[in-house]
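All values below come from the heavy atoms of this structure, side chains included, with hydrogens, waters and symmetry mates left out. On a predicted model such as this, the values are computed, not experimentally measured, just so you know.
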Amino acid sequence: MWVPGAGIPSRLTLSAFTRAGRFCVLNSGVVRWKDVPAENFHPQLKPDVGFGKSSSRLYKSRSETKRYVTSPRVAEAVVRMLRGKRKAGQLILECNPGPGVLTRALLESGARVIALESDKNFIPELKSLGDSVNGRLEVIYCDFFKLDPRNRGTVTPPVMTSDMLFQYLGVKAHPWKKGFPLKVVGILPVKTERNTLWKILHDLYSCSSVYKYGRAELNLFISEKECRKLMANPQTPGLYQSLSVLGQTACGIKVLCTEPSSSFDMYTVKGQLEKQRHRESLEQNLCFIQLTPHRNLFTGTLTPFNYDVFFHMLRQCFMKRNAKLIDHLPSLSPIDAVHILKQIKKHKDVRVIDMYPEDFQRLFETIECSKDDTCKWLYDGFMEDTLA
């Protein structure tokens, strides 16, 4: 039984209404925009303090600024790039559509859209749009980038679990090699791009969150700075890092287009337009990238059960990125370093920064499959929480 002030359990079993009389928490745990009499509102669930006390902990960024597609030209370009071999009526999951410029363009192309909006100020207009397109637009109060928080506790909208979301949508888990029945499109959060990328990669390698349901394709606008790091290799040593290796090992990464940040508008959490104050923000380009998980990512030695060792290995190596790999290996594995280098066909003078993503994957597989020693790895514990 739910007690006021205790928050709403992750498996919601009650209906709760906002002071404005427009939100309804369904039994599935998904919040849809509905007209509800204001007298049905419970005072504990005021929209300005969130749904229950715990939401202030889980949904911290009340003052965060979000970037939205507001240019019809950009929206049309995105639709053209997403169309590709897309079948008519394919399902698109749009993250934080805001004023709905891209949403309209997607609907005009014939797509069915699930709009996951975390700012309730935009929901009435999106709901109105949905009423005019014969059920091809579903609006849900949810923040895609905060699905399945690590320190879960009590989960309250707009934070929710992927199980809540996909069970409500009727999306079933698909075998990894068969892909996923929908595409995801959105813009990474302005101030937490790096942490969000790490979370996506954690979820992908562990086959958790959205990746529990299959090889979800993500189409995201990301700052050019982070994009260059994600796609870096030994030819761009200043940008190359463990995140580069993890991203390229897991996904096919394509840059579909690049747009100046002036093509986007930024809004506060209250739905108010905010000017881009800093010159560097105005000069920063955004890259529209496509992240498609590799079909054969888990057909070899790497699995969702040992991926954390791979993460640990990379983070250890890149702590001394200019050092020789042979000097790193004794701190990673008791197996003879010279023997490992011969196995992966690398010279004894090769540096960490000289190794391509496929070289690191081969290094991991060589150590993991070694029969020379019962203890294959040396480390004090599993990878630290990168998102902390």
What orientation do Tyr213 and Phe166 show, parallel under 30°, tilted 30 to 60°, or perpendicular over 60°? tilted

Ala250 and Leu297 have their tightest heavy-atom pair at CA-CD1, 3.9 Å

What one should report as the nearest heavy-atom pair of Leu378 and Pro334 is CG-CD, 3.7 Å

Please, which pairs that meet salt bridge (Lys or Arg N to Asp or Glu O under 4.0 Å) have at least one residue in residues 242-264, sequence neighbours excluded? Arg73-Glu259

Determine whether Lys127 and Phe122 make a side-chain contact, defined as any pair of heavy atoms from C-beta on separated by less than 4.5 Å. no

Check the surroundings of atom NZ in Lys346: do more than 12 heavy atoms from other residues, nucleotides or ligands lie under 6.0 Å from it? yes

Do you see a donor-acceptor pair shorter than 3.5 Å between the side chains of His202 and Arg150? yes

Any side-chain heavy-atom pair of Ile114 and Glu94 under 4.5 Å: no

Can a donor-acceptor pair be found between the side chains of Asn96 and Ser118 at a distance below 3.5 Å? yes

Between CZ on residue Arg194 and CD on residue Glu226, distance to nearest 0.5 Å: 4.5 Å

Counting distance only, does the side-chain N/O of Arg321 pair as donor-acceptor with the main-chain N or O of Pro237 below 3.5 Å? yes

Hydrogens and angles aside, do Tyr168 and Glu138 bring a side-chain donor and acceptor to less than 3.5 Å of each other? yes

Do Thr292 side-chain atoms and Cys251 backbone N/O form a donor-acceptor pair below 3.5 Å? no

Heavy atoms only: give me the nearest Cys317-Leu325 pair and the separation to one decimal. SG-CD1, 4.4 Å

If you round to the nearest 0.5 Å, how far is CG of Leu93 from CD1 of Ile140? 7.5 Å

Would you please indicate if the ring centroids of Phe364 and Trp377 are separated by under 6.0 Å? yes

Leu204 side chain near Leu246 side chain, heavy-atom distance below 4.5 Å: no

Checking the side chain of Thr303 only, and the main-chain atoms of Asn306 only, is there a donor and an acceptor separated by less than 3.5 Å? yes

Residue that, paired with Ser209, satisfies side-chain hydrogen bond (donor to acceptor under 3.5 Å, both in side chains) out of Asp148, Asp163, Thr161: Asp148

Indicate the atoms forming the closest heavy-atom contact of Trp176 with Gly214, along with that distance. CZ3-O, 3.9 Å

Leu116, Phe180: one ILVMFWY side-chain cluster at the under-4.5 Å cut-off? yes

Start with the C-alpha distance between Gln361 and Tyr356, add both sets of side-chain angles, then the distance that settles side-chain hydrogen bond (donor to acceptor under 3.5 Å, both in side chains), and finish with yes or no. CA-CA 9 Å; Gln361 186 172 9; Tyr356 281 82; over 6 Å; no

Working to the nearest 0.5 Å, report the span between CE of Met319 and OG of Ser331. 9.5 Å

Would you compute the distance between atom NZ of Lys177 and atom CG of Asn296 and round it to the nearest 0.5 angstrom? 8.0 Å

Does Phe318 offer a backbone N or O that forms a donor-acceptor pair with the side chain of His328 under 3.5 Å? no

Distance-minimising heavy-atom pair for Ile367 and Ser333: CG2-OG, 3.8 Å

What verdict does the salt bridge (charged side-chain N to carboxylate O under 4.0 Å, His left out) test give for Lys376 and Glu368, after you've listed the backbone C-alpha separation in whole Å, the side-chain angles of each residue and the deciding distance to 0.1 Å? CA-CA 7 Å; Lys376 299 173 182 178; Glu368 187 72 6; 5.5 Å; no

Whether the side chain of Glu193 engages the backbone of Ser223 through a donor-acceptor N/O pair (distance < 3.5 Å, no angle test) should be reported. yes

Atom pair NZ (Lys146) and OG1 (Thr196), whose distance is rounded to the nearest 0.5 Å: 7.5 Å

Regarding Thr258 and Asn285, do their side chains bring together a donor and an acceptor under 3.5 Å, going by distance alone? no

Between Leu286 and Ile222, is there a side-chain heavy-atom distance shorter than 4.5 Å? no

Can you list the steps and then say if Leu137 with Val139 is a side chain to side chain contact (heavy atoms under 4.5 Å, CB included)? CA-CA 6 Å; Leu137 173 62; Val139 182; 4.1 Å; yes

Are Asp203 and Leu147 close enough, and set up right, to give a side chain to side chain contact (heavy atoms under 4.5 Å, CB included), and what steps lead you there? CA-CA 10 Å; Asp203 292 342; Leu147 282 176; over 6 Å; no

Ile289 and Leu230: CA distance, side-chain angles, deciding distance, side chain to side chain contact (heavy atoms under 4.5 Å, CB included) verdict: CA-CA 10 Å; Ile289 64 172; Leu230 188 62; 3.9 Å; yes

Minimum heavy-atom separation for Arg295 and Lys178, please, with both atom names. NH1-N, 4.4 Å

Answer yes or no: is there a donor N or O on one side and an acceptor on the other, between the side chain of Arg136 and the main chain of Ala111, under 3.5 Å? yes

Check against side chain to side chain contact (heavy atoms under 4.5 Å, CB included), Val79 and Leu102: CA-CA 8 Å; Val79 169; Leu102 177 56; 4.2 Å; yes

Thr366 side chain vs Arg362 backbone, donor-acceptor pair below 3.5 Å: yes

Taking the six-membered ring for Trp, are Phe298 and Tyr205 parallel (under 30°), tilted (30 to 60°) or perpendicular (over 60°)? perpendicular

For Phe360 and Tyr240, take the angle between the two ring planes, folded into 0 to 90°, and tell me which bin it lands in: parallel under 30, tilted 30 to 60, perpendicular over 60. tilted

With a 4.5 Å cut-off on side-chain heavy atoms, are Val255 and Phe288 touching? no

Any side-chain heavy atom of Leu243 within less than 4.5 Å of one from Leu314? no

Glu217 side chain to Asn219 side chain, donor-acceptor N/O pair below 3.5 angstrom: yes

Would you call Lys324 and Asp349 a salt bridge, using N to O less than 4.0 angstrom? yes

Heavy-atom distance under 4.5 Å between the side chains of Asp143 and Val159, does that happen here? no

Sorted by chain and number, sequence neighbours left out, salt bridge (Lys or Arg N to Asp or Glu O under 4.0 Å) with Asp327 holds for none

Take Arg104 and Glu125 through the salt bridge (charged side-chain N to carboxylate O under 4.0 Å, His left out) test and state the conclusion after the steps. CA-CA 11 Å; Arg104 288 182 176 84; Glu125 186 175 350; 3.2 Å; yes

